[in-house]
Amino acid sequence: MGGGGGQAQQLQQEMQAIQAEIEEIEEEIEEVREEKTEIDEAIEALNTLESESIVQVPLGGDAYVRAEVQDIDEIIVGLGGGYAAERDRDGAIETLENKQESLDDYIDELEEEIDELEDESDEIEAQVQQMQQQQMQQQMQQMQQQAEEEEGDDE
């Protein structure tokens with residue numbers, strides 16, 4: 001009877017670990033969605049800016065400087081892995097849209113991973129409940145046996 005309690009506790013710990021992993025993945029999804037929002041903003045800016053437009057360029061530490069766009073068809077776009085390339089406006093927008101599609105695919109993968117973890121957690125929870133029911137049945141049987149033994153002693 002004592003072994004079942006230890007196993008139930010172990011399963012509870014597994015469920016907690018799975019829940020922690022789900023929370024980490026949800027945070028990662030939120031970060032990816034923020035990145036997608038930044039890409040949306042960049043695409044919108046590329047669609048509206050013209051050469052000789054005045055823009056605020058971030059320097060870091062929440063400091064900005066005004067600058068004039070000399071040529072809207074000379075855009076440096078990050079390609080990933082620390083690499084960047086110069087693109088014209090349409091090429092830059094296409095590169096950013098491709099990034100968004102990759103991020104959408106990544107979000108889908110993460111959401112599938114969450115679904116799998118939730119299924120695993122549900123299975124463990126069912127095992128815990130089954131073990132608890134078995135323990136209760138064993139306790140009831142023991143109580144009945146004790147009651148019967150006491151009745152036999154009374155006679």
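Everything quoted here is computed from the prediction, not taken from an experiment.
- Under the side-chain hydrogen bond (donor to acceptor under 3.5 Å, both in side chains) criterion, the residue pairs touching residues 38-56 are Asp40-Gln100, with sequence neighbours excluded.
- The shortest side-chain heavy-atom distance between Met131 and Gln135 does not fall under the 4.5 Å cut-off.
- Counting only residues at least two apart or on different chains, no salt bridge (Lys or Arg N to Asp or Glu O under 4.0 Å) pair has a member in residues 119-143.
- Across Leu96 and Ile39, no two heavy atoms sit closer than the pair O-CG2, 3.6 Å.
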Donor-acceptor list for residues 11-22 side chains, cut-off 3.5 Å, not counting sequence neighbours:
none

Got a list of side-chain donor-acceptor pairs under 3.5 Å for residues 58-83, not counting sequence neighbours?
unit_1: Asp71; atom_1: OD1; unit_2: Asp73; atom_2: N; d: 3.0
unit_1: Asp73; atom_1: OD1; unit_2: Arg89; atom_2: N; d: 3.0

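- Applying the side-chain hydrogen bond (donor to acceptor under 3.5 Å, both in side chains) rule to Thr95 yields the partners Arg87; only residues at least two apart in sequence or on another chain are considered.
- Sorted by first and then second residue, the salt bridge (Lys or Arg N to Asp or Glu O under 4.0 Å) pairs with a member in residues 95-113 read Arg33-Glu111, Lys36-Asp104; sequence neighbours excluded.
- Taken from CD in Glu28 to CD1 in Ile107, the straight-line distance is 10.0 Å, to the nearest 0.5 Å.
- Interatomic distance, Leu49 CG to Ile54 CD1, rounded to the nearest 0.5 Å: 10.5 Å.
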